[in-house]
**Q** 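What follows is a single structure, and I will ask about it in a moment.
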Amino acid sequence: MPVTLTVRDESTTPGFEGHTFELEFPTESITVREIIRERVYQEVDDYNRAMQNKATPSRYRGLVSPTELEEHLNGERPATSRKADWKKQFALACEAYERNGILVLVGDRQTTALDETITIARGIDVTFLRLVMLVGG
Amino acid sequence: MFFKRNKEATANQSEQPEYELVLEGVSAEIVIRCLDEVDQNGVTRTLENELIELLKKKDRPLQARALLELSAVSCEWRRRLVQLPQGYAHPPHRRLVEQLRAMRHVIESAARRKLPLSAQQLGMLLETTCENYIWGDSTVLKHLVNQIAKRWEELEEELRPTLIEIYAHTDEPDLKQKIEQLLNEKSSPAITAGEAWTVAALEHLKNVGSPLEKEWNALLWHCRKASNAKPSARWSKEGHAVMERIGVDAFHDTVRGWIALLQHPRTGEMARPDWHEDSVRPWLMDDHHADTIRGLIWLTADREDAATARAIADAAVSCYKKVPGIGPRATKVGNACVYALGVMPGESALAQLARLRVKLTFGTAISMITKALDRVAEREGVPRNEIEEIAVPAYGFTGVGVLERGFGEHRATLRVTGTSGTGSTVLTWINDKGKAVKSVPAAVKRDHADGLKDLKAIAKDVQKMLPAQRDRIDGLFLEQRSWSVSAWRERYLDHPVVGTIARRLIWVLEDAGGMHSVAWLPDDPESPVFATGQLVNPAGEPVIIDEHSATVTLWHPIDTASDPDTVETRADVLAWRRFYEDRRIAQPFKQAHREVYLLTDAERETRSYSNRFAAHVLRNHQATALMRQRGWNAQLAIATDCGEVRPQRDIEPWGLRAEFWIEGAHIDQDYGAAFTYVVTDQVRFYQYRPRTTWREEEQERREATQRLIESTEGQQLSNEEYLNLLAGNTAASRRQEPQPIPLDEIPPLVLSETMRDVDLFVGVASVGNNPEWEDGGPGGHHRDYWRSYAFGELNATASTRKELLERLVPRLKIAERCLVTERFLFVRGNLRVYKIHLGSGNIMMEPNDQYLCIVPGRDSAAGRTNKNLHLPFEGDRVLSIILSKAFMLAADEKITDPTIRTQINRNAVS
């Protein structure tokens with residue numbers, strides 16, 4: 001029986017506080033690795049689709065639009081975006097998890113291993129946190 | 001005695017000074033009168049002038065005596081001044097100070113002269129001056145030491161002890177160095193170890209043998225005395241005399257090696273201790289070494305020598321290179337290099353100058369090179385704007401882009417294959433059996449070492465010359481240059497080196513039959529583009545032109561003659577683009593595909609300025625460097641209140657000046673420091689006017705007034721009329737704020753090329769293109785600035801953060817070690833307790849609130865940061881930092897970063 005897991009992104013950015021969305025899983029018992037994989041797949045898929053849909057991705061736009069003749073002669077500005085590969089991103093994310101680069105909190109506690117098994121129950125949500133590399137100054 | 005001291009009048013200190021001056025002879029009267037008048041305000045100036053008048057007379061013995069006496073008297077008076085009870089406001093005190101000041105001026109100018117003083121008198125003078133020196137600067141002492149230096153032979157015995165004493169007591173570096181030079185001249189060499197070239201020079205001195213060693217030493221000392229910006233005739237003459245004694249060839253061969261070593265870092269410490277950073281130190285030069293090598297470089301300029309010219313040019317590049325916190329490494333040595341190249345006869349020095357002209361961007365260097373080229377142009381009798389195109393040597397090439405040379409049975413071919421980098425030339429060999437081989441045949445290495453070395457040096461020179469010429473020709477679009485066909489063929493199309501560039505460009509030929517745009521097409525499509533071929537039109541058909549009457553210009557997509565209102569690009573732009581695309585020919589720079597920028601309606605609306613590139617945020621240092629490289633006059637924007645920065649470009653042939661307005665982005669900037677970012681604004685155009693200094697402007701104004709006064713002579717003008725006339729003149733000559741020229745009056749070509757430059761600056765240096773910046777960068781200053789600027793509520797953010805942490809922390813692995821309070825997240829490590837501020841993410845350590853500095857790492861080299869992670873749940877960066885710090889500090893005993901460990905382990909209580 002497919003179950004739904006609520007994912008919450010904690011942020012203080014105005015407009016994005018407590019942004020939530022849902023992921024679907026075929027069974028109730030899943031590992032942390034599967035949560036990450038599902039999330040990364042979703043994100044990458046959304047991103048790639050958004051990139052394709054934009055007619056002219058990241059076209060250069062200034063305050064003054066150039067004339068048609070000029071646009072024609074100078075050509076299109078190169079788009080800077082690339083397609084993302086979810087497998088690569090998934091590997092990166094797993095690697096980041098293992099060195100505390102990202103944290104995954106399930107319910108009221110932090111998961112400690114990728115292979116930790118979690119049972120999805122009603123009312124449990126998952127929080128992703130991202131940490132940064134630190135050095136002495 | 002010039003002055004007689006009256007020691008009786010000591011009773012009342014507040015009245016007259018107790019010294020009366022009794023003077024001998026006619027000139028003495030003047031002095032008496034002046035000193036009597038001196039206590040009336042403003043009259044000291046007269047005393048000074050009168051005394052200087054005295055010095056103008058040719059009576060050297062009288063002046064010598066005056067100097068001695070003035071020095072002694074001012075010495076006595078200074079002692080007297082200390083005893084006076086009140087300060088400057090007290091009339092006798094003030095009077096003394098004014099008199100002393102006047103006397104010092106006179107002493108200063110007298111000390112500069114060559115006066116008939118005996119050793120004993122000079123000794124006295126040194127002593128009195130030293131006593132005066134406590135009161136002022138060491139100028140007089142320096143002058144005296146200079147005088148003594150000129151007669152050192154006869155004076156040494158008497159004055160050596162005094163000088164040693166002065167040396168021990170002064171801390172004036174110039175003076176110390178001057179005295180040191182005098183005291184050491186006989187006994188020790190002019191240079192010390194510590195720099196690559198001085199080590200080589202000292203080694204040479206050791207090995208050269210005793211009679212020559214003495215000559216070399218003398219030469220080095222002579223060079224060390226080269227303290228002017230240019231060699232004087234006398235200095236050169238003496239230098240050449242020593243050079244002859246050493247042997248001219250030996251001199252050139254040896255010194256060339258030393259000059260080449262200028263590019264290398266120091267081998268040891270500076271002679272004078274310094275406080276510079278370790279990364280900078282290797283590039284500093286000792287001052288006396290800089291002087292010495294400068295003299296040597298000047299002396300090498302007396303004959304043409306391709307190898308020396310090359311070494312000097314490389315040294316110039318190295319000396320003008322900027323080191324952090326200092327500026328150019330050794331401007332004076334760089335200047336000497338450029339000067340020497342300008343004086344050196346022959347074309348190899350000129351070729352190096354042409355290379356430097358494009359290579360260097362440092363302001364002083366540019367003006368030195370311009371002057372040197374002016375001199376060469378004058379010497380050779382060539383128009384100034386042609387000297388740079390004539391300056392490119394043929395390097396012995398046997399065809400355009402090809403040099404073939406035989407080495408016995410073997411043949412070498414050097415081919416130009418590109419325009420930049422070491423790959424721009426290729427050297428191939430055909431051995432004695434007629435077979436192509438990749439490496440240099442052993443027989444050539446053995447039998448023709450010199451020839452081989454020469455060929456390799458030519459390849460190096462060409463590799464450097466090609467990009468320089470490419471950049472020069474790229475700059476020709478705004479120069480409005482045109483050539484006759486024969487001159488153009490000689491200097492461009494058929495030139496062995498420049499031809500490799502010119503034959504990949506489009507040119508416009510104009511004769512009685514009209515305009516033809518033409519380009520080179522090789523006969524054999526497989527051969528390089530600059531091989532034998534002919535001029536064709538975009539359709540690839542040969543063009544026949546009247547060679548005698550035609551003129552040539554460089555093709556640009558916008559016709560220079562076009563009318564701004566109905567501007568169209570040339571009809572053949574697309575045809576030429578296809579021409580090069582179809583044949584897969586890469587042009588040396590964008591010409592057919594050159595971007596064009598045409599006036600827009602928005603710009604017609606704003607009229608005097610363009611907003612096309614406004615409101616971008618640029619990296620200041622990168623943008624400035626780029627602007628300079630493109631020939632703009634740009635200063636690094638610095639956080640001060642002394643006005644705005646406007647990078648500008650003079651477009652002299654069109655009588656215009658372009659300005660790109662920028663201003664610093666005021667974020668966390670220390671006063672006086674360069675901005676990290678600048679914000680762009682308008683592009684404007686003004687009338688070109690030559691750069692003038694305020695001195696020249698002042699001079700101009702004065703001359704105009706003088707002319708006006710002379711013109712009124714003989715006319716009967718009332719006072720009012722006369723004054724009004726002069727006042728009107730002053731107002732008219734006051735510098736007027738220039739008015740911008742409406743954009744629709746700017747020639748389309750100029751507009752396009754200027755906008756192209758600006759687009760380049762914005763495109764390259766904009767932080768919009770910078771992923772680091774997108775990502776918040778280290779500390780994320782700028783973005784946080786924008787965010788707080790845009791949303792305003794930093795405090796609200798911090799309190800949201802607190803609520804969030806209260807929810808999050810209990811769920812973390814490290815929950816039991818953490819506590820969220822009003823302002824801090826407390827973390828208990830195994831070594832100490834830490835408080836992380838919820839607003840800033842800064843850390844303090846208990847018990848003494850010691851600051852712990854930990855910052856987000858920038859090291860993305862190993863891909864260890866999360867930057868590349870494609871998970872857009874970015875959230876709040878400070879939150880991430882706080883949590884990251886909490887995780888790190890909860891296991892503080894496991895931290896390996898030494899800079900953090902030492903901070904934590906430092907004594908808890910001080």
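A note on names: the letters A, B, ... follow the listed sequences, proteins ahead of strands, and every chain is numbered from 1. Fair warning: this is a prediction, and the values are worked out from it, not measured in the lab.
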**Q** What residues form a side-chain hydrogen bond (donor to acceptor under 3.5 Å, both in side chains) with B:Glu581, not counting sequence neighbours?
**A**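 side-chain hydrogen bond (donor to acceptor under 3.5 Å, both in side chains) check on B:Glu581 returns B:His593.
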**Q** Top residue by heavy-atom pair count (under 4.5 Å) with chain B, among A:Leu105, A:Thr111, A:Val106?
**A** A:Leu105
**Q** So which part of B:Ile895 gets closer than 4.5 Å to some heavy atom of chain A, the side chain, the backbone, both or neither?
**A** neither
**Q** If I measure from the heavy atoms of chain A, does B:Val573 come under 4.5 Å with its side chain, its backbone, both, or neither?
**A**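 Side chain of B:Val573 only, per the 4.5 Å heavy-atom cut-off to chain A.
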**Q** Can you name the one residue among B:Leu808, B:Leu812, B:Ile814 that meets side chain to side chain contact (heavy atoms under 4.5 Å, CB included) with A:Gln110?
**A**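 Of the listed residues B:Leu808, B:Leu812, B:Ile814, the side chain to side chain contact (heavy atoms under 4.5 Å, CB included) partner of A:Gln110 is B:Leu812.
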